[in-house]
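Just below is one structure, and these are the notes that go with it.
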Amino acid sequence: QNWKMKLVALVFAFILWSFVIAEENPTRTKIFQDIPVTYTAADELRQKGLTSSTPLTEILNSVTVTAEAPADALDYWNENMLEVSVDLSQINEAGEYVLRVEGATTLTQGHIVSVEPSTITVNIEEIVTRTVPVDIQLINQQEGFYYGEPILETETVDVTGARSNVEKVARAVCT
């Protein structure tokens, strides 16, 4: 029945709680979704005559990052302060590799607790080139129009890429 006393107690409790939080500045965690992944040394891998059989962005395009920092600092963190990368520089030959997904931050207060997924599996193959014939297909021909015979500048094209992908190519089609 003494609602005034209860209200004063509630306000006093809130002030006391705010003071403790400000003095203690406890460590908190924050989860960031859909952080983009960059692949370092991809050009070096290509210079070695190697490439992934699947485009790297299709293997892993974004991750979830959990960060930990003092409460007052964590309020200012955003996705732009996080960097997630996969290092390809240690790959020197074809094969299957399990690589770590590394997270980093530009801030000094706090650190990255985890990155999910924390590893990826990449299938690395040699880069090969294959010459395939070019076929012509006329589509959407309409009555009453004259179509000249198409003439190709070249009868073949070179297809370059991962061995398993290039071996699947039988011909090129020009529509």
Side-chain angles (χ1 to χ4, degrees), residues 29-69 74 76-107 110-175:
T29 59
K30 187 172 183 179
I31 297 174
F32 298 91
Q33 303 283 340
D34 299 323
I35 303 300
V37 177
T38 59
Y39 292 87
T40 59
D43 291 336
E44 290 176 26
L45 190 65
R46 197 158 181 80
Q47 290 172 355
K48 295 175 187 175
L50 300 170
T51 189
S52 172
S53 58
T54 305
L56 294 171
T57 55
E58 287 182 21
I59 296 171
L60 183 63
N61 189 32
S62 64
V63 295
T64 300
V65 175
T66 303
E68 189 175 78
L74 198 58
Y76 298 105
W77 280 43
N78 63 42
E79 291 80 6
N80 297 327
M81 297 172 181
L82 301 171
E83 297 172 358
V84 177
S85 64
V86 175
D87 186 11
L88 305 171
S89 65
Q90 301 303 314
I91 299 174
N92 293 314
E93 59 187 39
E96 187 173 277
Y97 294 87
V98 177
L99 303 172
R100 288 186 46 79
V101 181
E102 298 287 336
T105 180
T106 55
L107 298 176
H111 61 280
I112 304 298
V113 175
S114 68
V115 177
E116 290 299 324
S118 61
T119 62
I120 62 168
T121 302
V122 180
N123 187 18
I124 301 296
E125 298 182 14
E126 295 174 325
I127 297 175
V128 296
T129 300
R130 180 178 182 185
T131 303
V132 295
V134 178
D135 293 341
I136 299 173
Q137 289 183 350
L138 292 175
I139 58 172
N140 296 331
Q141 295 182 28
Q142 295 179 358
E143 230 176 272
F145 290 94
Y146 171 75
Y147 297 95
E149 187 65 31
I151 300 172
L152 296 172
E153 284 185 27
T154 179
E155 299 292 320
T156 61
V157 293
D158 291 334
V159 178
T160 302
R163 180 178 298 280
S164 64
N165 294 336
V166 172
E167 288 174 350
K168 295 177 186 175
V169 179
R171 64 188 171 101
V173 178
C174 178
T175 55

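Values below: every heavy atom of this structure, side chains too, minus hydrogens, waters and symmetry copies.
Side chains of Ser85 and Thr38: a donor-acceptor N/O pair is absent below 3.5 angstrom, by distance only. Counted by atom type alone, Gln137 and Thr175 present zero donor-acceptor pairs between their side chains at under 3.5 Å.
Taking each heavy atom of Thr105 and Gly110 in turn, the nearest pair found is CG2-O, 4.5 Å. Heavy-atom minimum distance, Ile59 versus Ser52: CD1-OG, 3.7 Å. Looking at every heavy atom in both residues, Ser53 comes nearest to Ala162 through CA-CB, 3.7 Å. Between Asn92 and Tyr97, the closest heavy-atom pair is N-OH, 4.3 Å. Across all their heavy atoms, Ala170 and Pro133 have their closest contact at O-CD, 3.7 Å. For the pair Leu107 and Met81, the tightest heavy-atom approach, listed with the atom from each and the gap, is CD1-SD, 3.4 Å.
No donor-acceptor distance shorter than 3.5 angstrom exists from the side chain of Arg171 to the backbone of Asp135, with no hydrogens or angles considered. Between the side chain of Lys30 and the backbone N or O of Ala69, no donor-acceptor pair lies under 3.5 Å.
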task = Might you work through the side chain to side chain contact (heavy atoms under 4.5 Å, CB included) test for Leu56 and Leu88, ending with a clear yes or no?
result = CA-CA 11 Å; Leu56 294 171; Leu88 305 171; 3.7 Å; yes
task = Walk me through it: do Ile91 and Leu99 pass the test side chain to side chain contact (heavy atoms under 4.5 Å, CB included)?
result = CA-CA 10 Å; Ile91 299 174; Leu99 303 172; 4.1 Å; yes
message = Before you tell me yes or no, could you show the steps for Phe32 and Val84 under side chain to side chain contact (heavy atoms under 4.5 Å, CB included), namely the whole-Å CA-CA distance, both residues' side-chain angles and the distance that decides it to 0.1 Å?
response = CA-CA 12 Å; Phe32 298 91; Val84 177; over 6 Å; no
message = With side chain to side chain contact (heavy atoms under 4.5 Å, CB included) as the criterion, how do Val157 and Val132 come out once you've worked through the C-alpha distance, each side chain's angles and the decisive distance to 0.1 Å?
response = CA-CA 6 Å; Val157 293; Val132 295; 3.8 Å; yes
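The line from CD of Glu116 to OG1 of Thr66 is 7.5 Å long, rounded to the nearest 0.5 Å. In this structure, the separation between CG on Leu82 and CD1 on Ile112 is 4.5 Å, given to the nearest 0.5 Å. Atom CG of Leu138 is separated from atom CD of Glu149 by 7.0 Å, given to the nearest 0.5 angstrom. Interatomic distance, CG of Asp87 versus OG1 of Thr40, reported as 3.5 Å (0.5 Å rounding). The distance from the CD atom of Glu125 to the CD atom of Glu96 is 11.0 Å, given to the nearest 0.5 Å. Atom OG1 in Thr64 sits 8.0 Å away from atom CD1 in Ile31 (nearest 0.5 Å).
Of the listed residues (Val65, Ile35, Val37, Thr106), just one forms a side-chain contact (heavy atoms from CB on, under 4.5 Å) with Glu83, and that residue is Thr106. Of the candidates Asn165, Thr51, Thr129, Thr160 forms a side-chain hydrogen bond (donor to acceptor under 3.5 Å, both in side chains) with just one, namely Thr129.
Looking only at side-chain heavy atoms (C-beta outward), Thr54 and Asn123 stay at 4.5 Å or farther from each other.
For Asp43, the CG atom is loosely surrounded, since the number of other residues' heavy atoms within 6.0 Å does not exceed 12.
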